[in-house]
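Here, residue 1 is the first one in the sequence, and each next residue gets the next number.
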Amino acid sequence: MTARVVEDELAGLRRLTVSGERAEVFHALGAAAASEVREILTGLPEGEALRRFAATPAGHAAVERVLAPTRGRHPEEYRDALELAAGAGIDPDFLLLANLRGDLGGDDGVGCSDLAWRGSSSFLAHNEDGAPALDGRLVLLTLAVDGEAAVTVQWYPGFLPCNTFVVTGHGLAWGINHIQVARPAAAPGRHFVARGLQRQPDLDSAVRYLTENPSAGGFAYTIGEFSTGRIVTVEAAAGRTASVEEQPLLWHTNHLRYLTDDTPTATTAETPTGGVRDLGHREESVARGKVLGELPLPESPDARWFLDVLTTDVYRSAVGDDPLLTLCTSVVDLTSGSVTFQARGNAPATFPVDVLS
């Protein structure tokens, strides 16, 4: 049986829906977006530096410290990447390397913003911030793999569909924020861990999965559950995790808030001591976090309030020293079961979450 690919548009985003057997789905996805996969991966600004690093003895060892546990602990997700590369007709080693670039150390602290609210109504909102070269290339992708609940993810062609904003058929939604790790753990790549998260059946299982599946690099996950309205933030960085369930307001940008001084392997804002390196654009992340943390709180915010905050207060336009653009703002009303997308340059569009499954 050959996977089925349907292409249309939703909320100003190109939408792909791919259904069928798992390997065939990822092969067909690579084939359907082959030109974008090749253009994005060959155009990576750090691409040549990654290749040179991986070709050195130290670089090869660093890559294997991540790839070996990835193959061992996340074999299905690893095969997803290989099928994606095969379908797109691109070198699988480079596609894997590109997907591991956040697990090899470095000095890049840029990324996205998340804001959430738990009250009589619950909301989760995410700004997907990416490089200007990715403007217009963000794809709304629905994966309907045989025997699994459907997953919709905002997808950058060439990468595993996992590292952005996600809604699953299990009734979960989350945004992911990049956390730069100075000294990664000998653990699976964070993209492969995040892809596996999409199969978790409920919020408690999702938190337990992240706790039991450490990653080499760092992500912060802000996860909401439609059935209960609960929202949890999980920081996973350099082989360690911390989870926090706060209310009413939760926020996260691109520095650690909960794994702090006893985690001298990742960049933090609150405790830049004890061996922690001050990486990249940490100050910019702290500034966005300060804006979100000091918002005047309404008694009962609605989806429009979250949309207004994320499209004004922390909206990014690649001006000055800021290297990123806000490519899409997403707001999930966990209580009513609706999702609002506002892609860059488009009006907001709201629809029932069932549209994504």
- Query: Could you give the distance from OG1 (T17) to CG (L141), rounded to the nearest 0.5 Å?
  - Reply: 7.5 Å

- Message: Strictly distance-based, threshold 3.5 Å: is any side-chain N or O of E235 a donor or acceptor partner for the main-chain N or O of L259?
- Response: yes

- Message: Please say yes or no: joined through hydrophobic side-chain contacts below 4.5 Å, possibly via intermediate residues, are L44 and L160 part of one cluster?
- Response: yes

- Message: Counting C-beta onward and ignoring hydrogens, is there a side-chain heavy-atom pair between E21 and H27 closer than 4.5 Å?
- Response: no

- Message: Are more than 12 heavy atoms, taken from residues, nucleotides or ligands other than E9, located less than 6.0 Å from that residue's CD atom?
- Response: yes

- Message: I'd like to check L210 versus I223 (side-chain heavy atoms, cut-off strictly below 4.5 Å). Are they in contact?
- Response: yes

- Message: Filter on ring-ring contact (aromatic ring centres under 6.0 Å, His included), then keep only pairs touching residues 327-350, sequence neighbours left out; what's left?
- Response: F165-F341, F341-F351

- Quick one: CG on L97 to CG on L50, what's the gap to the nearest 0.5 Å? 4.5 Å

- Task: For the pair F159 and T164, evaluate side-chain contact (heavy atoms from CB on, under 4.5 Å) and give the outcome as yes or no after the intermediate values.
- Result: CA-CA 11 Å; F159 297 94; T164 54; over 6 Å; no

- Item | Nearest-0.5 Å distance, CG of residue N213 to CG of residue L197 | 9.5 Å

- Item | Charged N-O contact under 4.0 Å between E294 and K290 | yes

- Task: Would you kindly confirm whether L41 and L138 end up in one hydrophobic cluster when ILVMFWY residues are joined by side chain heavy atoms under 4.5 Å apart?
- Result: yes

- Task: Determine whether L13 and L307 fall in the same hydrophobic cluster, where Ile, Leu, Val, Met, Phe, Trp and Tyr are linked whenever their side-chain heavy atoms lie under 4.5 Å apart.
- Result: no

- Query: Do E225 side-chain atoms and S227 backbone N/O form a donor-acceptor pair below 3.5 Å?
  - Reply: no

- Task: Could I get the full list of salt bridge (charged side-chain N to carboxylate O under 4.0 Å, His left out) partners for D93, not counting sequence neighbours?
- Result: none

- Message: Minimum heavy-atom separation for V139 and P157, please, with both atom names.
- Response: CG2-CG, 4.0 Å

- Query: Should L249 and L292 count as side-chain neighbours, where that means a heavy-atom distance under 4.5 Å?
  - Reply: no

- Search all heavy atoms of P348 against all heavy atoms of R304 and return the closest pair with its distance. CG-NH1, 4.1 Å

- Message: Is there a side-chain contact between F219 and V193 in this structure, where contact means two heavy atoms from C-beta onward sitting under 4.5 Å apart?
- Response: no

- Are any side-chain N or O atoms of T335 and backbone N or O atoms of S122, one a donor and one an acceptor, separated by less than 3.5 Å? yes

- Would you say I176 and Y258 are hydrophobically clustered, going by side-chain heavy atoms of ILVMFWY under 4.5 Å? no

- Which distance, rounded to the nearest 0.5 Å, do you find between the CG of L327 and the CD of Q154? 9.0 Å

- Task: Give the minimum heavy-atom separation between A28 and V5, together with the two atoms involved.
- Result: CB-CG2, 3.9 Å

- Min side-chain heavy-atom separation T326-T311 under 4.5 Å: no

- Decide yes or no for L334 and I231: does some side-chain heavy atom of the first lie under 4.5 Å from some side-chain heavy atom of the second? yes

- Note on the structure: One should read off an interatomic distance between N127 CG and C112 SG, to the nearest 0.5 angstrom, of 7.5 Å

- Answer yes or no: is there a side-chain heavy-atom contact under 4.5 Å between P161 and L143? yes

- Query: Does the side-chain contact (heavy atoms from CB on, under 4.5 Å) test come out yes or no for W174 and T168, once each step is laid out?
  - Reply: CA-CA 9 Å; W174 60 80; T168 80; 3.7 Å; yes

- Find out if a path of hydrophobic residues (ILVMFWY) with successive side-chain heavy-atom gaps under 4.5 Å connects L84 to L134. yes

- Task: Using the test ring pair (Phe, Tyr, Trp, His ring centres under 6.0 Å), find all partners of Y156 that sit at least two apart in sequence or belong to another chain.
- Result: none

- Sort and list the pairs that fulfil side-chain hydrogen bond (donor to acceptor under 3.5 Å, both in side chains) and have at least one residue in residues 344-356, not counting sequence neighbours. Y315-R344, T340-T350

- Would T152 and T142 count as a side-chain hydrogen bond (donor to acceptor under 3.5 Å, both in side chains) if you check the C-alpha gap in whole Å, the side-chain angles of each, and the deciding distance to 0.1 Å? CA-CA 4 Å; T152 295; T142 297; 2.8 Å; yes

- Query: So, are R230 and E245 salt-bridged, with charged N and O less than 4.0 Å apart?
  - Reply: yes

- Determine the sole option in F306, F226, W305 for which the ring-ring contact (aromatic ring centres under 6.0 Å, His included) test with F123 is passed. F306

- Message: Determine whether R288 and S113 satisfy the following criterion, side-chain hydrogen bond (donor to acceptor under 3.5 Å, both in side chains), listing intermediate values before the conclusion.
- Response: CA-CA 8 Å; R288 273 183 290 123; S113 300; 2.8 Å; yes

- Do you know which two heavy atoms are closest between A187 and P214, and how far apart they sit? CB-O, 3.9 Å

- Task: Could you tell me whether the side chain of L16 reaches within less than 4.5 Å of the side chain of L29, counting heavy atoms only?
- Result: yes

- Message: Would L115 and L295 count as a side-chain contact (heavy atoms from CB on, under 4.5 Å) here? Give the steps.
- Response: CA-CA 11 Å; L115 185 64; L295 288 169; 3.9 Å; yes

- Item | Intermediate values then yes/no, side-chain contact (heavy atoms from CB on, under 4.5 Å), D114 and Y221 | CA-CA 9 Å; D114 279 302; Y221 303 79; over 6 Å; no

- If you look at every heavy atom in V331 and A125, which pair is closest and at what distance? CG2-CB, 4.0 Å

- Message: Determine whether a donor-acceptor pair (N or O, by modelled atom type, separation under 3.5 Å) exists between the side chain of T222 and the backbone of T233.
- Response: no

- Message: Could you check whether R257 makes a cation-pi contact with W251, meaning its NZ or CZ is under 6.0 Å from the centre of the six-membered ring and within 45° of the ring axis?
- Response: yes

- Query: Would you find a donor on one side and an acceptor on the other, under 3.5 Å apart, between the side chain of N177 and the backbone of H252?
  - Reply: yes

- Pairwise side-chain hydrogen bond (donor to acceptor under 3.5 Å, both in side chains) hits with a residue in residues 185-203, at least two apart: E76-R199, E77-R199, D80-R195, N99-H191, H178-R190, R195-Q198, D202-S205

- Item | Atom pair OG1/CG of T228 and L203 - distance to nearest 0.5 Å | 6.0 Å

- Do you know the tightest heavy-atom contact between P188 and P69? CG-O, 3.7 Å

- Judged by atom type as modelled, is there a donor-acceptor pair below 3.5 Å linking the side chain of R38 to the main-chain atoms of I90? no

- Query: In chain order, what residues pass the ring pair (Phe, Tyr, Trp, His ring centres under 6.0 Å) check against F26, with sequence neighbours excluded?
  - Reply: none

